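In the text below, chain A, chain B and the rest are named by the order of the sequence lines, each starting its count at 1. As the structure is a computational prediction, the values presented were derived from the model and not from experiment.
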Amino acid sequence: MIVPQDLFTSAVMDAAQPVPNGLLDGQNRPAGRRFNVYRNNIAVSLTEAMHQAFPVITKLLGPQNMDGLAGMFLRAHPPSSPLMMHYGAEFPAFLAQMPQLAHLGYLPDVARLELQLRRAYHAADATPVDAALLSSLDPDQLLQLHVAFAPAVHVLRSRWPIYDIWRFNTQADAPKPHSEAQDILITRPDFDPIPQLLPQGAAEWILALQNDASFGSAYEAASQLYPAFDLTTPLTMLLQGSALSELDRKG
Amino acid sequence: MLDSTLFHHLPTAPGVGYKPQHFEDIIADPGSVRWLEIHAENYMGDGGRPLAQLRHLAERFALSVHGVGLSIGGEGPLDPDHLSRLKHLVGWLNPASFSEHLAWSTHDSHFYNDLLPLPYTNTSLARICDHINQLQDTIGRQMLLENPSSYLAFAESTWDEPAFLAEISKRSGCGLLLDVNNVFVSATNLGFSPQGYIDAFALDQVGEIHLGGHDEDTDDHGAPLLIDSHGCEIVDPVWALLDYTLAQSGPKPVLVEWDTDVPDWPVLENEAARAHAALQQVQP
């Protein structure tokens with residue numbers, strides 16, 4: 001009549017399994033549906049965590065469909081740590097392999113965006129560089145510059161219009177998404193992460209900078225692909241987003 | 001930045017479980033609330049608003065760190081990564097108190113996000129004391145262990161709960177956190193006297209009292225089945241059990257928990273004011 005935690009967990013995660021023998025009510029009768037309190041607590045709390053973590057996915061699918069998906073997900077991927085702020089990392093890949101969602105090909109990338117926004121919210125703080133320092137450099141010095149990024153900064157690339165989809169589902173009077181690939185820059189100027197649409201070439205430029213290329217060589221890489229690339233807009237986005245944390249004028 | 005000598009102990013006054021949506025209200029006017037309790041796992045990110053708010057609150061209020069994920073009652077070893085995270089948090093925050101649960105939540109490296117029950121046997125007693133010793137050695141201070149809400153009992157149990165908790169406290173040197181709502185819920189669900197439970201409890205080891213709201217359901221036989229939900233106001237019989245407890249224990253830090261369907265600040269502050277009134281009855 002011993003109930004090991006192996007047996008308890010397998011029964012608590014599968015309502016089709018019988019309630020383990022050895023669990024009783026106050027009068028030594030089988031516990032019966034009392035065991036369902038634990039089943040419900042786990043399923044409801046993890047489902048609620050998924051709703052909070054993926055509000056746009058929830059809106060796109062509808063809350064009831066999200067409940068069903070979360071129920072499958074939480075059984076396939078119970079949390080691997082008590083840090084619920086990290087729960088759901090496998091959700092984009094989980095969405096991608098659901099045959100019944102194959103016609104909504106953008107869902108995994110939207111889920112990636114929501115994951116990255118949550119990561120940015122909890123990312124380490126950083127002291128941003130002074131924009132005045134940057135504008136004090138002459139053009140040669142600027143081209144030699146290497147930069148470090150605040151931990152909250154992330155570039156997300158998609159073959160779907162994920163910025164438009166995100167905005168359409170989170171902001172009133174946002175335009176309907178057009179079908180085009182979009183790149184997103186996430187920054188956290190204060191405490192709230194902000195996703196912004198990057199112009200063509202900017203993702204290449206920022207990713208090169210993140211790989212420790214100088215301003216100059218990152219610019220060359222981006223403008224080879226997109227001759228019209230202008231770094232003014234993405235540089236302004238980085239500065240206003242407190243995205244740059246260190247300057248290093250390597251020779 | 002933090003003055004670590006500010007708050008050595010929780011005051012024998014009302015506290016509430018901290019919710020970020022109440023931050024502005026608490027800073028503006030905490031009412032009768034003198035201290036705050038946070039769930040440890042919500043403050044284990046690397047930065048951003050949660051930690052900034054916590055640093056701010058720590059300068060004004062005594063804080064209690066309440067862990068909900070260590071799985072002290074687990075059959076397996078404690079998660080060394082989680083122990084390190086707790087050590088880090090308790091180290092920089094230097095709270096007035098740290099507490100955890102007589103429960104488990106992790107098995108085979110999966111975290112089940114609930115406080116799961118365990119049998120009270122000599123085997124589980126020894127394991128729990130080992131885990132508490134390991135935790136107390138890691139964080140370098142005494143912890144408080146909280147009594148659970150029970151929905152069922154284990155046929156294999158050989159200890160009753162107050163005696164089991166008293167023995168854990170005696171062997172490991174931990175203090176106890178007495179949740180009087182949990183006592184009321186368990187007593188209703190398992191058919192024992194809540195006052196009898198309090199009478200048998202090691203009240204001199206209690207460093208903190210919890211109370212909160214519960215939901216009502218029924219079991220297969222139509223008997224009442226109360227569920228510890230922390231999602232509504234505290235019912236009168238639980239307030240009466242608080243009075244009964246305080247009359248025996250004397251003043252203690254008393255915390256109101258409200259974790260789901262969190263109300264506007266005035267509703268929660270009103271519950272804290274009621275705890276304040278209960279404490280006034282027994283202040284020396």
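- Separating the CE atom in M1(A) from the OG atom in S157(B) is a distance of 12.0 Å, to the nearest 0.5 Å.
- When heavy atoms are compared at a cutoff of 4.5 Å, R188(A) approaches chain B solely by way of its side chain, counted from C-beta outward.
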task: Apply the test side chain to side chain contact (heavy atoms under 4.5 Å, CB included) to residues I42(A) and L116(B): give CA-CA distance (whole Å), side-chain angles for both, the deciding distance (0.1 Å), then the verdict.
output: CA-CA 10 Å; I42(A) 294 169; L116(B) 299 171; 4.2 Å; yes
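- In K87(B), the NZ atom is not crowded: 12 or fewer heavy atoms of neighbouring residues, nucleotides or ligands sit closer than 6.0 Å.
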message: salt bridge (Lys or Arg N to Asp or Glu O under 4.0 Å) for D220(B) and R34(A)? Distances and angles first, verdict last.
response: CA-CA 8 Å; D220(B) 296 308; R34(A) 290 161 172 262; over 6 Å; no
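- Annotation: side chain of L152(B) is in contact with side chain of Y38(A) (closest heavy-atom distance under 4.5 Å).
- Distance check, rounded to the nearest 0.5 Å: CG of L83(A) to CG of N42(B) gives 8.5 Å.
- Side-chain atoms of H122(A) and P50(B), non-hydrogen and from C-beta on, do get closer than 4.5 Å to each other.
- For the set D81(B), L225(B), D108(B), T106(B), the entry with the most heavy-atom pairs within less than 4.5 Å of chain A is L225(B).
- More than 12 heavy atoms of other residues, nucleotides or ligands shown are found within 6.0 angstrom of NE2 on H221(B).
- When each of A152(A), G22(A), P151(A), A31(A) is scored by its heavy-atom pairs under 4.5 Å with chain B, the top score falls to G22(A).
- The candidate with the highest count of non-hydrogen atom pairs below 4.5 Å against chain A, out of A223(B), S229(B), A155(B), is A155(B).
- Separating the CG atom in N113(B) from the CG atom in L46(A) is a distance of 5.0 Å, to the nearest 0.5 Å.
- Comparing P117(B), A52(B), G69(B), A40(B) by heavy-atom pairs within less than 4.5 Å of chain A, the highest count is held by P117(B).
- Surrounding CD of Q17(A) are more than 12 heavy atoms belonging to other residues, nucleotides or ligands, all under 6.0 Å away.
- Listed for the E41(B) side chain is no donor-acceptor partner under 3.5 Å among the backbone atoms of P82(A).
- Interface check for chain A: of the options H107(B), M44(B), H82(B), the most heavy-atom pairs under 4.5 Å are formed by H107(B).
- Taking the six-membered ring for Trp and thresholds of 30 and 60 degrees, W104(B) and F8(A) have ring planes more than 60 degrees apart, a perpendicular arrangement.
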query: What's the verdict on side chain to side chain contact (heavy atoms under 4.5 Å, CB included) for T218(B) and R33(A), showing C-alpha distance, side-chain angles and the deciding distance?
result: CA-CA 9 Å; T218(B) 51; R33(A) 61 177 286 193; 4.2 Å; yes
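- For chain A, no part of L70(B) is nearby; none of its heavy atoms comes within less than 4.5 Å.
- Counting heavy-atom pairs under 4.5 Å between each of N40(A), L74(A), L24(A), D190(A) and chain B puts L24(A) at the top.
- Considering only heavy-atom pairs separated by less than 4.5 Å from chain A, the leading option among G191(B), P119(B), G74(B) is G74(B).
- Counting non-hydrogen atoms of neighbouring residues, nucleotides and ligands closer than 6.0 angstrom, the CG atom of N21(A) reaches no more than 12 such neighbours.
- Between R55(B) and D125(A) a salt bridge is recorded (basic side-chain N to carboxylate O distance below 4.0 Å).
- Within a 6.0 Å radius of CD in E24(B), other residues, nucleotides and ligands contribute 12 heavy atoms or fewer.
- Note on R49(B) versus D192(A): salt bridge recorded, some NZ/NE/NH1/NH2 to OD/OE distance being below 4.0 Å.
- Heavy-atom distances place no part of N28(A) under 4.5 Å from chain B, backbone and side chain included.
- Residue F191(A) holds its CZ atom at 9.5 Å from CG of L51(B), rounded to the nearest 0.5 Å.
- Atom CG in L190(B) sits 8.0 Å away from atom CG in D25(A) (nearest 0.5 Å).
- Residue with the most contacts toward chain A among G45(B), S105(B), A153(B): A153(B) (heavy-atom pairs, distance under 4.5 Å).
- Atom CD of Q64(A) has 12 or fewer heavy atoms from other residues, nucleotides or ligands within 6.0 Å.
- In this structure, the separation between OH on Y112(B) and CD on Q5(A) is 10.5 Å, given to the nearest 0.5 Å.
- Interface remark: R119(A) contributes no atoms to any contact with chain B (heavy atom separation under 4.5 Å).
- Of the two parts of Y87(A), neither the backbone nor the side chain holds a non-hydrogen atom closer than 4.5 Å to a non-hydrogen atom of chain B.
- Residue with the most contacts toward chain B among A49(A), A123(A), G32(A), S80(A): A123(A) (heavy-atom pairs, distance under 4.5 Å).
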field: Test log, rule side chain to side chain contact (heavy atoms under 4.5 Å, CB included), inputs H110(B) and T9(A)
entry: CA-CA 10 Å; H110(B) 291 316; T9(A) 47; over 6 Å; no
